[in-house]
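Let me begin by presenting the structure, written as structure tokens, before commenting on it.
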Amino acid sequence: MAMDLLQTFLCLILVLVCQSRTSFALVNPILPGWNPDPTILRVGSDYFIATSTFEYFPGHPIYHSTNLVDWELIGHALNRPAQLSLFGTPSDAGAWAPTLRYHNGTFYLMSTVRYVYTYELRQFPRSFFVTTKDIFSNDWSDPIYFDALGYDADLFWDTNGDVYNTWSGINNAIDKIYGIYQNKIDISTGNSLTLAELIFTGTLPDNSSARPEGPHIYLINSTYYLLIAEGGSGPEHRSTIQRGPTPSGPWENNPANPILFNGANLSLPVQYTGHADIVQAPDGAWWGVALGVRPQTVGDFNHIQLGRETFLFPVTFDTEGWPVFNHGLPLSTEIPGVLANKSHLSLFHDTFDSKTLQDSYYFLRTPYKPFHSLTARPSFLRLFANSYAPGDRDNPAMILRKQTSYEETFETVLDSFLPESNLTEAGMTVFYGDFAHNDIGVVGTGSEDGGGGRVVVTRTLRPAEQVGPWALTTTNSTVTTVTYTPLSTKSGPVKLVIVGNSTSYSLGFAEGSSDDPDTDSFGKITYTATFDSVFLSVMPVNDFFFKGASFGVYNTGNGRPSLSPADFRYWKQMPSD
Ligand SMILES: *[C@@H]1O[C@H](CO)[C@@H](O)[C@H](O)[C@H]1NC(C)=O
Ligand SMILES: *[C@@H]1O[C@H](CO)[C@@H](O)[C@H](O)[C@H]1NC(C)=O
Ligand SMILES: *[C@@H]1O[C@H](CO)[C@@H](O)[C@H](O)[C@H]1NC(C)=O
Ligand SMILES: *[C@@H]1O[C@H](CO)[C@@H](O)[C@H](O)[C@H]1NC(C)=O
Ligand SMILES: *[C@@H]1O[C@H](CO)[C@@H](O)[C@H](O)[C@H]1NC(C)=O
Ligand SMILES: *[C@@H]1O[C@H](CO)[C@@H](O)[C@H](O)[C@H]1NC(C)=O
Ligand SMILES: *[C@@H]1O[C@H](CO)[C@@H](O)[C@H](O)[C@H]1NC(C)=O
Ligand SMILES: *[C@@H]1O[C@H](CO)[C@@H](O)[C@H](O)[C@H]1NC(C)=O
């Protein structure tokens, strides 16, 4: 009590200090839900962040903020098939780590789109950039390709007009020793002006697990800095920085490296931190963004179904001129005294009253043709089935939106769905990728050529063998469990829910009392499956874990054309109770 009084007294005197110490905290992640490989840019009073999207379409979301706290999705850099044609692209290939820059009135977004994997060779594709004069227009150019084979491309404009492309590549296809490579390019064509030079091999022993990548070059007070990520994309992930007299080095190592690394203490609530980019505010202060995961640990299992999210932190410079990330402290979910509070938890409730889909929805791979409509039946999202189903390495009639908190519930009503055959199915999913998705929907019970009733179908997938934390799975096959639950109505609406909690998901449904959305009421929810969310946190052998979970709705003919549209009444993502 005495201490409380003393504290209150001191706070009355030092109102401002106490307020900033105790009342305000920057709440991380600033972009909850999978948003890996963030890159940040400021132009005037506007900040922009872009992140990776892999086999999702459209690619590379652009988030905008004027205060670094409130971020709004304003569009995607790769939003036309001419920029991103993901046809049959494997899970976790697709659009990788962007860099966002601005030069002389033009915005540049560097990207690497990996269309195929050749596991044996691990050869990389050509990176490219797209440009726009108006980043709010959502209208970016077609790709302008670099010559280099690699990923994590960066562009840097030197004061003399030289433009440097810097990327992560490998020494050869056999040893696969990663390094930071660079050459000068002609910015109007992307063509090389000089040969590639290996400018840095990182701070770790130079073998195939060191993985120096994610390079960014900065010129700060006449000194060039090279910021990179190292250690692979798991717990050893980190950021390190070098400086030198030219954009190509030679590099002086920061004795404080790594400047961002939480892997020394695996109990910290944020892990895998790295892949950073920094920006200066108009007031001269510096800020950084990096990726990190928030593992939900139970025993030996790390549940990381939300994937790698985007974190923000203050950057200061020490007396030697080296940047210090987050005051030298491990990255955390709250940074006291910085900016303003902003909760992770959000309610998303779309009643489908607009004519076009909001920007936060995604397709899996590039649609061959449209399969959705918001105008065919006003205030409903109508999906026209195609022959692909969730899990096919193609473009199912499915719309996805990122899960944004561990304890989040997804809910919709599938309205009057009348499956015309036993292959016709529509429902909802919690989806990681082709090998990891869990669905609840309504499917026909008749024959393949028509007629019959309908039941609820629940499908859960898990790896065939014991799975452990990060990358320890040795399985390359998946066990699918399918159950059917009767429905009492022939055509009535069915509410579908996926309840997420930190370490599990439950799938459930309830039948509606009436076909009229205004008077409809639903009974108690019947849960048909509960499963461990670690199954959305591991990758099959020869695959990667780069994304995170999304919620989705789909309509499929399971290998055949289908004539039954599926109408969804609303899309709600809300905190689980
Ligand atoms: C900010 O959050 C902290 C806890 O995270 C809370 O104690 C404080 O009251 C909040 N401040 C404001 C201004 O909302
Ligand atoms: C900047 O852009 C203008 C107009 O596009 C062009 O005329 C000028 O040469 C550019 N300057 C530099 C330094 O690239
Ligand atoms: C690379 O070196 C590190 C540190 O010596 C070691 O832990 C790791 O196993 C090595 N990786 C390979 C592929 O040799
Ligand atoms: C750059 O130099 C100015 C003037 O010496 C100094 O005030 C400032 O702190 C320096 N900035 C950085 C990031 O080192
Ligand atoms: C590791 O992190 C945990 C959780 O923040 C903390 O309790 C513990 O003291 C840390 N261990 C060390 C050695 O710093
Ligand atoms: C669907 O109907 C066909 C007959 O048209 C039948 O052979 C098949 O087993 C049925 N499939 C299911 C899952 O009921
Ligand atoms: C799993 O991988 C092993 C070795 O890579 C292979 O022999 C086996 O056939 C694979 N099994 C399946 C189901 O793909
Ligand atoms: C999460 O779900 C599991 C399995 O249903 C349950 O055992 C656990 O109590 C739930 N945790 C919370 C915080 O609701």
Side-chain angles (χ1 to χ4, degrees), residues 25 28 40 42 159 216-227 235-236 238 241-245 252 254 256 258-273 276-288 292-298 302 311 313-336 385 387 389 391 419-427 439 441-459 480-487 556-564:
N28 268 318
I40 190 165
R42 180 181 66 83
T159 46
H216 294 305
I217 301 221
Y218 311 93
L219 178 59
I220 302 171
N221 274 1
S222 308
T223 299
Y224 296 88
Y225 290 81
L226 171 63
L227 176 64
E236 293 296 309
R238 65 194 65 198
I241 196 158
Q242 310 287 314
R243 67 183 175 194
E252 174 195 353
N254 178 1
I259 54 173
L260 186 66
F261 179 52
N262 282 20
N265 182 352
L266 296 176
S267 303
L268 291 169
V270 179
Q271 291 290 326
Y272 303 6
T273 53
D277 193 9
I278 60 175
V279 73
Q280 190 174 26
D283 67 359
W286 288 80
W287 297 90
V293 303
R294 294 180 283 157
Q296 313 289 300
T297 309
V298 177
N302 268 345
F311 290 69
F313 51 88
V315 176
T316 50
F317 283 79
D318 69 15
T319 51
E320 304 297 313
W322 289 110
V324 177
F325 283 10
N326 195 31
H327 305 297
L329 298 169
L331 197 51
S332 59
T333 52
E334 280 196 8
I335 304 179
S387 302
E420 81 251 324
S421 94
N422 72 3
L423 294 171
T424 313
E425 174 188 334
D439 324 320
V442 172
V443 68
T445 54
S447 59
E448 272 176 29
D449 44 15
R454 53 179 208 160
V455 292
V456 167
V457 59
T458 306
R459 189 180 298 103
T480 304
T481 306
V482 185
T483 60
Y484 298 97
T485 314
L487 277 167
T556 174
N558 277 307
R560 296 276 195 280
S562 159
L563 304 177
S564 316

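Note that the numbering runs from 1 along the sequence shown for the chain. A quick note: this is a predicted structure, and the numbers were derived from the prediction, not measured. Counting starts at 1 for both ligands and their atoms, in listed order.
When only modelled atom types and interatomic distance are considered, Q296 and N302 share no side-chain donor-acceptor pair under 3.5 Å.
Residue contact check: F317 has heavy atoms under 4.0 Å from atoms 13 (C) of ligand 4. Residue contact check: I220 has heavy atoms under 4.0 Å from atoms 13 (C) of ligand 4.
Salt-bridge check for R454 with E420: failed, with every basic side-chain N at 4.0 Å or more from each acidic carboxylate O.
Taking CD1 of I241 as the reference point, atom CZ of F325 lies at 5.5 Å (rounded to 0.5 Å). With rounding to the nearest 0.5 Å, the separation of CG in L423 from OG in S564 is 11.0 Å.
Not a single N or O atom of S447, backbone or side chain, sits closer than 3.5 Å to an N or O atom of ligand 6. Residue W286 places no N or O, backbone or side chain, under 3.5 Å from any N or O of ligand 4. Inclusion of Y484 in the set of residues having an N or O under 3.5 Å from an N or O of ligand 6 is not warranted.
For the pair N254 (side chain) and Q242 (backbone), a donor-acceptor distance under 3.5 Å is absent. In terms of modelled atom types and a separation under 3.5 Å, the side chain of R560 and the main chain of N558 share no donor-acceptor contact. N326 places a side-chain N or O within 3.5 Å of a backbone atom of P330 that can act as its donor or acceptor partner.
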Report all N/O contacts between ligand 5 and the protein shorter than 3.5 Å as a table of atom names and distances to 0.1 Å; if there are none, say 'none'.
| unit_1 | atom_1 | unit_2 | atom_2 | d |
| --- | --- | --- | --- | --- |
| ligand 5 | 2 (O) | N265 | OD1 | 3.3 |
| ligand 5 | 2 (O) | N265 | ND2 | 2.3 |
| ligand 5 | 11 (N) | N265 | ND2 | 2.8 |
| ligand 5 | 14 (O) | N265 | ND2 | 3.4 |

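The shortest side-chain heavy-atom distance between T458 and D439 does not fall under the 4.5 Å cut-off.
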